[in-house]
Amino acid sequence: AGLQRRWPDMVRVAAAADAGRDRLNLFAPPWAAFSRSFLEGEAANGTLVIIGATVGGRWVAHEVGFRRGSTSAQWVSRFDPAYTTESPGHLIREWLVDHHDELGLDTIDSLLGESTFKMRWTRDGYDVATVTAAPTHLSLVRARLAVACALGNVARRWWRCWPAADRSPS
């Protein structure tokens with residue numbers, strides 16, 4: 001029901017967000033029919049995640065993704081540029097991080113590709129940005145997770161710096 005109700009809002013916001021930009025608008029022809037059908041299938045499976053932001057009752061931003069277990073994977077997000085100063089994309093992401101426990105999420109995956117938005121939510125230049133959320137009530141788990149993330153970041157940096165010729169097994 002939420003997808004049907006908010007589809008026109010998502011189409012409007014995506015059109016405003018993508019106007020004059022060389023970016024694929026999945027909510028406009030020729031992709032709109034595919035996107036709507038795809039999202040309806042995800043909704044029927046109970047895996048569709050749509051988080052929207054409103055200002056004065058007007059839909060101004062959305063993040064559309066999919067839930068697989070305790071992971072939320074972002075598919076597309078857009079915001080109306082008229083609301084840039086309010087940073088609606090960051091507010092949506094902050095809300096998602098703040099509510100991860102009650103939503104049963106421990107990972108917010110921004111999927112492939114670098115962007116300014118994604119890089120503000122990660123610690124390095126790795127081309128996949130994943131925000132890992134630890135349960136707020138378990139400080140030991142949070143500490144172990146922080147160590148694991150730090151080690152993973154070090155390993156990725158080391159791997160990128162290592163000459164490609166030396167990476168293959170002998």
Side-chain angles (χ1 to χ4, degrees), residues 1-3 5-7 9-10 13-14 17-18 23-27 31 34-54 59-79 83-84 86-162 167:
L3 174 62
R5 184 168 54 95
R6 289 303 186 177
W7 181 259
D9 293 320
M10 295 189 317
V13 166
D18 292 342
R23 181 166 70 176
L24 178 65
N25 181 348
L26 294 166
F27 296 91
W31 300 105
F34 161 78
S35 295
R36 187 164 184 166
S37 175
F38 177 59
L39 295 177
E40 286 171 347
E42 291 293 321
N45 289 333
T47 56
L48 180 63
V49 177
I50 299 175
I51 302 171
T54 60
W59 187 273
V60 299
H62 54 265
E63 181 170 310
V64 179
F66 315 105
R67 183 184 180 124
R68 300 294 189 264
S70 61
T71 297
S72 174
Q74 177 187 2
W75 187 55
V76 65
S77 63
R78 294 290 186 268
F79 69 90
Y83 296 89
T84 299
E86 286 81 6
S87 301
H90 289 286
L91 292 174
I92 287 172
R93 181 56 55 97
E94 186 175 342
W95 182 91
L96 189 56
V97 169
D98 287 347
H99 292 85
H100 74 275
D101 271 343
E102 64 194 72
L103 297 170
L105 297 173
D106 61 19
T107 303
I108 302 165
D109 190 343
S110 295
L111 302 178
L112 293 173
E114 288 186 8
S115 71
T116 302
F117 174 82
K118 290 178 186 180
M119 295 313 297
R120 288 186 179 143
W121 286 92
T122 189
R123 285 182 242 165
D124 60 29
Y126 189 56
D127 65 347
V128 178
T130 300
V131 176
T132 304
T136 56
H137 61 282
L138 300 173
S139 58
L140 181 57
V141 171
R142 212 172 30 246
R144 286 181 181 168
L145 183 60
V147 170
C149 288
L151 291 173
N153 289 336
V154 169
R156 282 191 293 275
R157 279 191 212 102
W158 175 81
W159 185 254
R160 278 195 306 260
C161 294
W162 197 264
R167 289 187 198 167

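Numbering starts at 1 and runs along the sequence shown.
Scored by the side-chain hydrogen bond (donor to acceptor under 3.5 Å, both in side chains) test, Trp31 finds no partners at all (sequence neighbours excluded). Glu40 is linked by a salt bridge (Lys or Arg N to Asp or Glu O under 4.0 Å) to Arg36, counting only residues two or more places apart in sequence or in another chain. Annotation: side-chain hydrogen bond (donor to acceptor under 3.5 Å, both in side chains) contacts of Ser70 (sequence neighbours excluded): Asp106.
Below 30°, between 30° and 60°, or above 60°: for Phe66 and Trp75 the angle between ring planes is between 30° and 60°, a tilted geometry.
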Q) How far apart are the C-alpha atoms of Ile50 and Arg6, what are their side-chain angles, what is the distance that settles it, and do they pass the side chain to side chain contact (heavy atoms under 4.5 Å, CB included) test? A) CA-CA 9 Å; Ile50 299 175; Arg6 289 303 186 177; 5.6 Å; no
Q: Decide yes or no on side chain to side chain contact (heavy atoms under 4.5 Å, CB included) for Val76 and Phe27, but give the supporting numbers first.
A: CA-CA 10 Å; Val76 65; Phe27 296 91; 3.7 Å; yes
**Q.** Stepwise side chain to side chain contact (heavy atoms under 4.5 Å, CB included) check, Met10 with Leu3
**A.** CA-CA 9 Å; Met10 295 189 317; Leu3 174 62; 3.6 Å; yes
Q: Evaluate side chain to side chain contact (heavy atoms under 4.5 Å, CB included) for Leu105 paired with Arg67, printing each intermediate quantity in order.
A: CA-CA 9 Å; Leu105 297 173; Arg67 183 184 180 124; 3.6 Å; yes
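Scanning both residues, Ser77 and Glu63, for their nearest heavy atoms gives CB-CA, 3.9 Å. Minimum heavy-atom separation, Ser72 to Leu96: OG-CD2, 4.4 Å. Pro88 and Tyr83 get closest at one heavy-atom pair: CD-O, 3.2 Å. When every heavy atom of Asn25 is checked against every heavy atom of Ala14, the shortest pair comes out as OD1-CB, 3.5 Å. For Arg78 against Asp18, the heavy-atom pair with the smallest separation is NE-OD1, 2.9 Å.
No side-chain donor-acceptor contact under 3.5 Å links Arg5 to the backbone of Trp7.
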